[in-house]
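Let me begin by presenting the structure, written as structure tokens, before commenting on it.
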Amino acid sequence: LARDGYLKESYEKFYEIFRTSNALVAGYNAALLLEAMGKYEDAESLMKDVYVLYPQGVVLDGLYDIQSELKQSKRLQNQIN
């Protein structure tokens, strides 16, 4: 679905799997899809939840990437305002 541009639908499916089973890959992918949709704060929150359950390097790297995007987005927003 995500490859075909259905980011929201893909997110919803991955998030439902994560919510019901705490599956690492599903939560990680759901957070990345939120990031791709520009929902950085939601993505950060979800990736933090994933990291609490799975404190692994790849999850931490994903969290750092999202936090970097969030900071960049805020910087750009401040420049616009």
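Just so you know, these numbers use all the heavy atoms, side chains as well, and skip hydrogens, waters and symmetry mates.
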| said: Suppose we screen for side-chain hydrogen bond (donor to acceptor under 3.5 Å, both in side chains). Which residues come up paired with Gln56, at least two apart in sequence or across chains? | reply: none

| task | Group every Ile, Leu, Val, Met, Phe, Trp and Tyr by side-chain heavy-atom contacts under 4.5 Å, then state whether Leu34 and Leu60 land in the same group. | result | yes

| request: Return each pair, listed once, that meets salt bridge (charged side-chain N to carboxylate O under 4.0 Å, His left out) where at least one residue sits in residues 17-40; pairs must be two or more places apart or across chains. | output: Glu16-Arg19

| query | Can you name the residues that form a side chain to side chain contact (heavy atoms under 4.5 Å, CB included) with Ala26, not counting sequence neighbours? | reply | Phe14, Ile17, Phe18, Ala23

| said: Can you give me the closest heavy-atom contact between Ala30 and Tyr15, atom names plus distance? | reply: CB-N, 3.9 Å

| request: Share the residues that join Tyr40 in a hydrophobic cluster, the rule being Ile, Leu, Val, Met, Phe, Trp or Tyr side chains under 4.5 Å apart at the heavy-atom level. | output: Leu70

| query | Would a hydrophobic clustering, with Ile, Leu, Val, Met, Phe, Trp and Tyr connected at side-chain separations under 4.5 Å, put Tyr28 with Met37? | reply | yes

| task | Tell me, please, which residues at least two apart from Glu41 pass side-chain hydrogen bond (donor to acceptor under 3.5 Å, both in side chains). | result | none

| CG-CG distance between Asn29 and Leu24, expressed to the nearest 0.5 angstrom | 9.0 Å

Cut-off 3.5 Å, no hydrogens considered: what does the side-chain donor-acceptor table look like for residues 43-54, sequence neighbours left out?
residue: Glu44; atom: OE2; partner: Gln67; partner atom: NE2; Å: 3.1
residue: Tyr54; atom: OH; partner: Asn22; partner atom: O; Å: 2.4

| Do Leu32 and Tyr64 sit in the same hydrophobic cluster, where Ile, Leu, Val, Met, Phe, Trp and Tyr count as joined when their side-chain heavy atoms come under 4.5 Å apart? | yes

| request: Could you pull out all residues at least two apart from Glu69 that satisfy salt bridge (charged side-chain N to carboxylate O under 4.0 Å, His left out)? | output: none

Would you list the atom pairs, donor with acceptor, under 3.5 Å between side chains in residues 71-80 and any protein atom, with sequence neighbours excluded?
residue: Gln72; atom: OE1; partner: Arg75; partner atom: NH1; Å: 2.9
residue: Asn78; atom: ND2; partner: Lys74; partner atom: O; Å: 3.4

